[in-house]
Amino acid sequence: MHTIDVPEFRTLMLGWYKHHARILPWRAKFGEFPNPYHEWLSEIMLQQTVVKAVIPYFHRFTEIWPGIEDLAAAPLEYVMKEWAGLGYYARARNLHKCAQVVTAQHDGLFPQDEKELKTLPGIGPYTAAAISAIAFGNPAVVMDGNVERVVARLFAHEAPLKEKESKKALYAYTASLTTPQSDHHAEFAQAMMELGALICTPTSPQCGLCPVRNYCKSAATGRQDQIPIKALKTPKPQRYGAIFFIERKKKDQKELLLERRPHKGLLAGMVGFPGSLWEVSSPRIEDFPGAPIPGFEVRHTFTHFHLSLQGYIVPYESLATDLAANCFWHNISECDTIGLPSLYKKAFQQYMKYRQVK
DNA sequence: AATCCGGGGCG
DNA sequence: CGCCCAGGATT
């Protein structure tokens, strides 16, 4: 490990952070105490998710559920509905579960200890350290994707980030900067992440604006664009399927059939439209009861595959099968507010458009 | 250690 | 469009 004047490094980072930190709804203003509930909620929402996407959700959640006890008392379906569109829906289940555990077993107060935090649902190594440092000012070693990149460049760590050895090395580097005897641990942890988000970006880092450029081994040799080394990505397979818009007249209104998805797997527990399985080749039209006419194509990309769905409009009268138990009718004008994940929201919009034209 | 989980912004 | 990004749970 090479030599960094840690007190000097921290002073530079804290000075930069004080002037350049973004004002965010969950961030404590200067001189104010952080709200652990807000801090936790934002950290869960920010997992694998960009700040801009989180802001409206954070406002909505804190408006509906001002305290953790309120969230704990809410029905899970309501939480899932409000989470719809944010993705990684297991986070919403864990969020709700965590709120219940903290309310019931910790008197509504988050534990300050990293190890204890890590036992809570949805809280892993990163989030435990972040809450301990940011909400409670502890010298926890906070390492997210941003910090990994920052220290990899600072110390010119050449090995690909995926390796376990890399994680350990980067953790040691971060720990070497997280000296317990210093102060402002909450601000320092956020400063490291903020630097990664604003200056030390994945592509085209703004080294000219970096407060600690003089400490950066990568910038010294002009290698900041080569570090960290990215692992090669596996190609995404294509999958195909069918999606059904099953219509029923209800007085002078029209209704669509929706289904609650199983509580495990993709889009677990979310509401969607019925359809076929998604497989490597397209399902055959004649396999469907009533042999509907295909209407339009819905494309969507998930983390690990591309999906192409054929949209079918099906009059309920022509349906030759019984409805599954997890299906229910819903007024067509209220489908956009029921809390659909993005795939189904997109599919519904295309359905509405296609229906108007037709 | 490897795999499964979404979604949106940007070039 | 394709490409890129970012943690936790599960097995």
Side-chain angles (χ1 to χ4, degrees), chain A residues 40-57 80 82-98 101 114 117-131 140-150 152 160-168 170-171 174 189 192-198 200-205 225 228-239 261-272 278 297-309 339-347 349:
Chain A
W40 161 74
L41 178 60
S42 70
E43 288 298 346
I44 302 299
M45 288 182 166
L46 285 164
Q47 289 168 4
Q48 309 290 104
T49 310
V50 293
V51 165
K52 194 187 170 200
V54 166
I55 289 174
Y57 284 87
M80 301 298 282
E82 294 302 328
W83 193 274
L86 254 195
Y88 289 103
Y89 296 97
R91 290 186 297 171
R93 305 180 151 273
N94 287 142
L95 182 89
H96 187 241
K97 183 72 189 160
C98 185
V101 172
E114 218 179 319
L117 283 164
K118 228 182 314 190
T119 66
L120 267 18
I123 298 184
Y126 160 72
T127 307
I131 293 173
V141 179
V142 180
M143 197 176 76
D144 73 340
N146 284 127
V147 177
E148 282 184 15
R149 185 174 57 256
V150 168
L161 250 49
K162 288 200 72 173
E163 313 295 326
K164 197 182 172 190
E165 286 306 309
S166 277
K167 288 273 184 192
K168 283 170 67 178
L170 296 176
Y171 187 91
T174 308
M192 291 289 282
M193 294 190 277
E194 199 77 343
L195 190 78
L198 301 181
C200 198
T201 47
T203 58
S204 323
D225 289 311
I229 295 168
K230 28 205 174 277
L232 15 34
K233 57 229 170 238
T234 56
K236 291 182 182 182
Q238 180 75 47
R239 291 196 204 170
R261 295 177 59 84
H263 70 280
K264 278 189 181 293
L266 198 68
L267 306 175
M270 301 301 290
V271 174
W278 304 340
E297 186 192 20
V298 181
R299 289 175 162 278
H300 191 74
T301 298
F302 290 105
T303 315
H304 47 299
F305 64 93
H306 300 287
L307 179 64
S308 168
L309 298 178
L340 297 174
S342 292
L343 161 66
Y344 291 117
K345 193 174 176 183
K346 191 195 294 181
Q349 284 165 356

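Protein chains get the first letters and strands the later ones, always in sequence-line order, with residue 1 at the start of each.
Nucleic acid contact for Arg149(A): sugar-phosphate only, since backbone atoms but no base atoms lie under 4.0 Å from a heavy atom of the residue.
Among the nucleotides dG7(B), dC5(C), dG7(C), the one closest to any side-chain atom of Tyr89(A) is dG7(B). In this structure, the nucleotide among dC5(C), dG7(B), dG8(C) sitting nearest to the side chain of Thr127(A) is dG8(C). When the nucleotides dG8(C), dC5(B), dG7(B) are ranked by their closest atom to the side chain of His304(A), dC5(B) comes out on top. Of the candidates dA9(C), dC5(B), dG7(C), dG7(C) carries the atom nearest the Asp144(A) side chain, counting heavy atoms from C-beta on. Closest to the side chain of Tyr126(A), out of dG9(B), dC5(B), dG8(C), is dG8(C). Of the listed nucleotides (dG9(B), dC4(B), dG8(B)), dG8(B) has the atom at the smallest distance from the side chain of Ser342(A). Nearest to the side chain of Tyr88(A), among dG7(B), dC5(B), dG8(C), sits dC5(B). Distance from the side chain of Gln47(A) is smallest for dG7(C) among the nucleotides dC5(B), dG7(C), dC5(C).
OP1 or OP2 of dC5(C) has not a single side-chain nitrogen or oxygen of Thr49(A) nearer than 4.0 Å. Between Lys52(A) and dG8(B) there is no side-chain N or O to OP1 or OP2 distance below 4.0 Å.
Atom C1' of nucleotide dG8(B) and atom CD1 of Ile55(A) are separated by 14 Å, given to the nearest angstrom. Nucleotide dG7(C) holds its P atom 7 Å from the CG atom of Asn146(A), rounded to whole Å. Summarising the geometry, the separation between CE on Met143(A) and P on dG8(C) is reported as 11 Å, rounded to the nearest angstrom. Put simply, CG on Leu46(A) is 18 Å from P on dC5(C), counting in whole angstrom units. The distance between atom CG of Leu170(A) and atom P of dG7(C), rounded to the nearest whole Å, is 13 Å. Rounding to whole angstrom units, CG of residue Leu86(A) and P of dC5(B) are separated by 18 Å. One interatomic measurement links the two molecules: CG of Asn94(A) to P of dT10(C), which rounds to 7 Å at whole-angstrom precision. As a whole-Å value, the separation of Leu117(A) CG from dG7(C) P is 17 Å.
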Inset, instruction - Take Leu309(A) and Glu297(A), measure what side chain to side chain contact (heavy atoms under 4.5 Å, CB included) needs, and give me the verdict at the end. - result: CA-CA 6 Å; Leu309(A) 298 178; Glu297(A) 186 192 20; over 6 Å; no
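Residues Gln47(A) and Thr127(A) have side chains that bring a donor and an acceptor to within less than 3.5 angstrom of each other. Using modelled atom types, one finds a donor on one side chain and an acceptor on the other under 3.5 Å when comparing His300(A) with Lys346(A). In this structure, a donor-acceptor pair under 3.5 Å is present between the side chains of Tyr126(A) and Glu43(A).
Between Thr301(A) and Ile123(A), the residue anchored closer to the 5' end of DNA chain C is Thr301(A), taking for each the nucleotide with the nearest heavy atom.
Seen from the ring of Trp278(A), Arg261(A) counts as a face-on cation partner, given the 6.0 Å and 45° thresholds.
Thr303(A) has its side chain within reach of Tyr88(A): a pair of non-hydrogen atoms, C-beta onward, lies under 4.5 Å apart.
When the C1' atom is compared between dC5(C) and dC5(B), the two are found 15 Å apart, to the nearest whole Å.
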